Amino acid sequence: YGIGQLLSLQGRDADAIPYLEQAARNADDNPSRILGELAEAYSRGGQSDKAIDTYGTAIAKLEKDIEDKASRGLPTQFAEDRVYMMKRDLVREFIDSGRFDSAQNLIDEIKSSSAAEPETVSNLQEQLNRRRG
């Protein structure tokens, strides 16, 4: 995981991806974080379909973590913030790949999030509207 992070920080996403993929497969601790970084590397590397799938997997793991924590009476705000950030990044990926309906659906969903930043959501909507034409 560390090698993948370092390569990614150096802008060498193509080199980082195999390390991040291996780390994601072997992750016992915080797999959603590793998956998020892998999704970002896929995105920067132009592998939009893989980025979208990986963001989806990371979001699903985080949402399950939120449910588990909530059922035990533990705080969930950090995980909720991470879900919001990943959904925000996923919206951008949808926009960049021309999947405008998926982007709009996700924007509508995150508007109601407790972590939603109105200015950021507004900016995403503007980006989508500009790309749609």
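On a predicted model such as this, the values are computed, not experimentally measured, just so you know. Atom set for the values below is all heavy atoms of this structure, side chains included, hydrogens, waters and symmetry mates excluded.
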Enquirer: Inspect the contact between K69 and D65 and indicate whether a charged nitrogen and a carboxylate oxygen are less than 4.0 angstrom apart.
Expert: yes
Enquirer: Should the heavy atoms of other residues, nucleotides or ligands under 6.0 Å from CD of Q10 be counted, would the total exceed 12?
Expert: yes
Enquirer: Under a 3.5 Å cutoff, is there a donor and acceptor pairing between the side chains of Y1 and Q5?
Expert: yes
Enquirer: Would K50 and D53 pass as an ion pair if we require N to O under 4.0 Å?
Expert: no
Enquirer: Do the charged groups of D96 and R131 touch, with an N to O distance under 4.0 Å?
Expert: yes
Enquirer: For R99 and S48, does a side-chain donor sit closer than 3.5 Å to a side-chain acceptor?
Expert: no
Enquirer: After noting the C-alpha distance and the side-chain angles of D68 and R72, does the key distance pass the salt bridge (Lys or Arg N to Asp or Glu O under 4.0 Å) rule?
Expert: CA-CA 6 Å; D68 292 344; R72 295 189 320 236; 5.5 Å; no
Enquirer: Give the cluster check for L62 versus I52: same hydrophobic cluster or not, with ILVMFWY residues linked at side-chain heavy-atom distances below 4.5 Å.
Expert: yes
Enquirer: Could you measure the distance from the CG atom of D89 to the CE atom of M86? Nearest 0.5 Å is fine.
Expert: 8.0 Å
Enquirer: Is a donor from one side chain sitting under 3.5 angstrom from an acceptor on the other, for Q125 and N129?
Expert: yes
Enquirer: Any side-chain heavy atom of Y55 sitting closer than 4.5 Å to one from E40?
Expert: yes
Enquirer: Could you grab the distance from atom OG of S97 to atom CG of D49, nearest 0.5 Å is fine?
Expert: 7.5 Å
Enquirer: Between V91 and L128, is there a side-chain heavy-atom distance shorter than 4.5 Å?
Expert: no
Enquirer: Would you find more than 12 non-hydrogen atoms of other residues, nucleotides or ligands less than 6.0 Å from R33 atom CZ?
Expert: no
Enquirer: Taking all heavy atoms of A116 and all of I110, pick out the closest pair and write down the distance.
Expert: CB-O, 3.2 Å
Enquirer: Do the non-hydrogen side-chain atoms of D101 and Q104 ever get within less than 4.5 Å of each other?
Expert: no
Enquirer: Does any donor atom in the side chain of S113 or E80 lie under 3.5 Å from an acceptor atom in the other side chain?
Expert: no
Enquirer: A58 and L35: which non-hydrogen atoms are nearest, and at how many Å?
Expert: CB-CB, 3.7 Å
Enquirer: If hydrophobic clusters are built from ILVMFWY residues whose side chains come within less than 4.5 Å, do I59 and Y42 share one?
Expert: no
Enquirer: Using a 4.5 Å cut-off between side-chain heavy atoms of Ile, Leu, Val, Met, Phe, Trp and Tyr, which other residues end up in the same hydrophobic cluster as L6?
Expert: none
Enquirer: Going by side-chain heavy atoms closer than 4.5 Å, which hydrophobic residues are tied to I3, directly or by a chain of links?
Expert: L7, Y19
Enquirer: How far apart are the closest heavy atoms of I17 and L38, and which atoms are they?
Expert: O-CD1, 4.0 Å
Enquirer: Does the side chain of D81 pick up a donor-acceptor pair with the side chain of Q77 at under 3.5 Å?
Expert: yes
Enquirer: Is the closest side-chain heavy-atom distance between I107 and K87 below 4.5 Å?
Expert: no
Enquirer: Would F100 end up clustered with V121 when hydrophobic side chains under 4.5 Å apart are linked, directly or stepwise?
Expert: yes
Enquirer: To the nearest 0.5 Å, how far apart are CD in E93 and CZ in R88?
Expert: 13.5 Å
Enquirer: Give me the atom names and distance for the closest heavy-atom approach of A51 to S43.
Expert: CB-N, 3.7 Å
Enquirer: One pair to check against side chain to side chain donor-acceptor pair (under 3.5 Å): R44 and S8. What are the steps and the verdict?
Expert: CA-CA 10 Å; R44 288 188 302 266; S8 188; 2.6 Å; yes
Enquirer: To the nearest 0.5 Å, what is the distance between CD (Q22) and CG (N26)?
Expert: 5.5 Å
Enquirer: Side chains of M85 and R82: does their closest heavy-atom pair fall under 4.5 Å?
Expert: yes
Enquirer: Using a cut-off of 6.0 Å, state whether more than 12 heavy atoms not belonging to K64 lie near its atom NZ.
Expert: no
Enquirer: Assigning hydrophobic clusters by single linkage (Ile, Leu, Val, Met, Phe, Trp, Tyr; side-chain heavy-atom cutoff under 4.5 Å), is F94 placed with Y84?
Expert: yes
Enquirer: Is there side-chain contact between E21 and T54, with at least one heavy-atom pair below 4.5 Å?
Expert: no
